Amino acid sequence: MAQAKAHTNNLPETVVSVAVDQPGELVGSLAQVGQTIAEALDELLSRTWG
């Protein structure tokens, strides 16, 4: 099985700020899937920097 080449770009990481006093209307929550998201990110990052 051939392995795909990792895509890399030379774009700088960007940090943005969001005013917490004016976030807008609540449209949903990720609270119930938070652990699943954390595990998926952990697996992704482990494979990247393994």
Side-chain angles (χ1 to χ4, degrees):
M1 178 179 206
Q3 290 201 353
K5 289 184 179 180
H7 175 73
T8 58
N9 60 39
N10 295 321
L11 299 175
E13 294 182 20
T14 304
V15 177
V16 297
S17 298
V18 176
V20 296
D21 60 335
Q22 297 177 335
E25 180 184 347
L26 180 64
V27 295
S29 173
L30 297 175
Q32 293 180 352
V33 293
Q35 186 62 39
T36 302
I37 293 169
E39 290 169 0
L41 287 170
D42 182 54
E43 185 170 337
L44 174 68
L45 295 174
S46 294
R47 288 182 181 186
T48 302
W49 287 289

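Predicted model only: the values in this text are computed from it and were never measured.
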Has Glu39 got more than 12 heavy atoms of other residues, nucleotides or ligands less than 6.0 Å from its CD?
yes

Enclosure of Leu44 CG (heavy-atom neighbours >12, cutoff 6.0 Å)
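Counting other residues, nucleotides and ligands, CG of Leu44 exceeds 12 neighbours.
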
Please report the interatomic distance CG(Asp42) to CD1(Ile37), rounded to the nearest 0.5 Å.
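Asp42 atom CG to Ile37 atom CD1 measures 13.5 Å (nearest 0.5 Å).
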
